[in-house]
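A quick write-up on the structure given underneath.
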Amino acid sequence: MAYTDHRTMRRVLHREVAGTIGLLADEHDFRAMRRYDSFVFDDHTTYLKHMEAVLRTRALQGSHTTVALFDPEDYAEYCAETGLDPDSHTSRTQFTAALASTGPTVPYDGRPLADLLPGLVDEAVRQATWEYAATLLARLGTCATCGEDLGRAAFTRASHLLARILDTAPPGDRHLVCSVSGPPEALVAVLRADDIAGRTELDESEILEFTTVLAVGLATGSPGGLVMRTSEPGSPDRVHGWRLRAHGLEPLTAGEVFDAYCTDAESGDLISPESNVDYCEPPDLGEGPSPAHHH
């Protein structure tokens, strides 16, 4: 009886333990791991099937599992820095544990891996975009005139502009995209601002990434733009746009927004406009005259 009680208690405790699984998302990363003898899989499809079975079993047992993106290059660097043997399942476990706090992750919610993987990859791209944009801001230094930190000032300015855009936007669910051209890398950030019973629902990580990318555009004067699409049941979608300018945003006319949406970015060919969509001038942000001092 005591043995049964102990076993039951251990099963209960097992459900309390959260875990992280490192996933090789694509064939390229999978092939890179096959150079290690301790990595026993030789087929990516079979590997994903077994991984999905493990995730489902843990879910049926009541365990919470986080799925992380396992990058072989990062793993090799981690082993070199920590003195671990990369050809060891113990080293892979230790690296995966580190990913739980530093890398892109998504919770396993019972969906097939084919549906979960795109979200995990998107999360990795978002994190890489934010880290790169934050690095660019940190390298700007201080203003030669007033000594203010340029990156911090640009981030503050971007936060203010984003707040004004959301405050002046028409009601409905809003989808914002900010793009800043390189060199060397083009940056794109997306922000969803859903209208839940008259209250704007925002994701904190999306806000941080979006504001950082916008700040890079404002601080560097790089070509870029910001587009907002508002959707409300029973009404056509409304699309507004701005050009990025040093320290500010320049509103696009309805015709310019139409041209941007109806032109293929790669070929320059015209695209048929979407039905039930209005291309509009953006609301007045109420910015007033530009500040006297621009960094």
Side-chain angles (χ1 to χ4, degrees), residues 104-107 109-112 114-130 133 155 157-180 186-218 224-244 248-265 271-287:
T105 62
V106 295
D109 55 8
R111 283 179 293 164
D115 297 333
L116 192 73
L117 275 175
L120 182 58
V121 172
D122 286 347
E123 183 64 26
V125 171
R126 282 179 49 192
Q127 181 167 322
T129 297
W130 174 77
F155 189 89
R157 175 65 174 160
S159 299
H160 169 75
L161 288 171
L162 178 57
R164 291 300 304 147
I165 289 172
L166 295 176
D167 287 345
T168 59
D173 294 337
R174 281 145 283 175
H175 184 268
L176 293 85
V177 178
C178 181
S179 58
V180 179
L187 298 173
V188 179
V190 176
L191 175 63
R192 291 176 293 272
D194 294 333
D195 189 345
I196 309 296
R199 181 175 55 87
T200 300
E201 190 82 10
L202 295 165
D203 181 274
E204 292 295 332
S205 59
E206 285 190 2
I207 294 174
L208 178 60
E209 179 197 345
F210 192 92
T211 306
T212 304
V213 170
L214 177 56
V216 168
L218 299 176
L226 193 160
V227 174
M228 177 176 66
R229 182 168 182 150
T230 304
S231 303
E232 189 176 25
S235 302
D237 284 5
R238 303 183 68 183
V239 180
H240 309 92
W242 296 262
R243 286 189 190 87
L244 268 61
L249 297 172
E250 178 183 297
L252 297 177
T253 65
E256 288 172 326
V257 175
F258 178 88
D259 289 342
Y261 258 74
C262 300
T263 303
D264 185 276
I271 303 172
S272 299
E274 294 182 63
S275 61
N276 206 37
V277 174
D278 291 339
Y279 303 94
C280 317
E281 282 193 37
D284 183 6
L285 299 182
E287 284 294 284

Would you call [X] and [Y] a side-chain contact if the rule is heavy atoms closer than 4.5 Å?
{"X": "E281", "Y": "P251", "value": "no"}
{"X": "L202", "Y": "D194", "value": "no"}
{"X": "I165", "Y": "L249", "value": "yes"}
{"X": "T200", "Y": "R174", "value": "yes"}
{"X": "V277", "Y": "P236", "value": "no"}
{"X": "T253", "Y": "V257", "value": "no"}
{"X": "V190", "Y": "F210", "value": "no"}
{"X": "L226", "Y": "L161", "value": "no"}

Nearest-0.5 Å distance that lies between atom [atom1] in [X] and atom [atom2] in [Y]:
{"X": "F155", "Y": "H160", "atom1": "CZ", "atom2": "NE2", "answer": "14.5 Å"}
{"X": "R229", "Y": "D237", "atom1": "CZ", "atom2": "CG", "answer": "4.5 Å"}
{"X": "D278", "Y": "H240", "atom1": "CG", "atom2": "NE2", "answer": "9.0 Å"}
{"X": "C178", "Y": "L218", "atom1": "SG", "atom2": "CG", "answer": "7.5 Å"}
{"X": "W242", "Y": "M228", "atom1": "CH2", "atom2": "CE", "answer": "4.0 Å"}
{"X": "T230", "Y": "H175", "atom1": "OG1", "atom2": "NE2", "answer": "11.5 Å"}

Working note: V213 + V188, criterion side-chain contact (heavy atoms from CB on, under 4.5 Å); need CA distance, chi angles, decisive distance, verdict. CA-CA 7 Å; V213 170; V188 179; over 6 Å; no
Would you indicate whether W130, at its atom CH2, is surrounded by more than 12 heavy atoms from other residues, nucleotides or ligands within a distance under 6.0 Å?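 No, because the 6.0 Å sphere around CH2 of W130 holds 12 heavy atoms or fewer from other groups.
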Test side-chain contact (heavy atoms from CB on, under 4.5 Å) applied to Y261 and V227, step by step: CA-CA 10 Å; Y261 258 74; V227 174; 3.4 Å; yes
Expected output: side-chain [X] to main-chain [Y] donor-acceptor under 3.5 Å:
{"X": "D173", "Y": "D195", "value": "yes"}
{"X": "E209", "Y": "E206", "value": "no"}
{"X": "R111", "Y": "L116", "value": "no"}

Would you name the heavy atoms of [X] and [Y] that are closest together and state the gap between them?
{"X": "A133", "Y": "T212", "result": "CB-CG2, 3.5 Å"}
{"X": "P283", "Y": "A169", "result": "CG-CA, 4.5 Å"}
{"X": "G172", "Y": "E232", "result": "CA-CB, 4.3 Å"}

Among residues at least two apart in sequence or on other chains, which ones pass side-chain hydrogen bond (donor to acceptor under 3.5 Å, both in side chains) with S205? R126, D203
May I ask you to decide whether E201 forms a salt bridge with R192, counting only side-chain N to carboxylate O separations under 4.0 Å?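 Looking at R192 together with E201, the answer is no, because their closest N to O distance does not fall below 4.0 Å.
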I would like to know whether T211 and L191 meet side-chain contact (heavy atoms from CB on, under 4.5 Å); could you show each step before the answer? CA-CA 9 Å; T211 306; L191 175 63; over 6 Å; no
Show the numbers, then the answer: is there a side-chain hydrogen bond (donor to acceptor under 3.5 Å, both in side chains) between R238 and S231? CA-CA 7 Å; R238 303 183 68 183; S231 303; over 6 Å; no
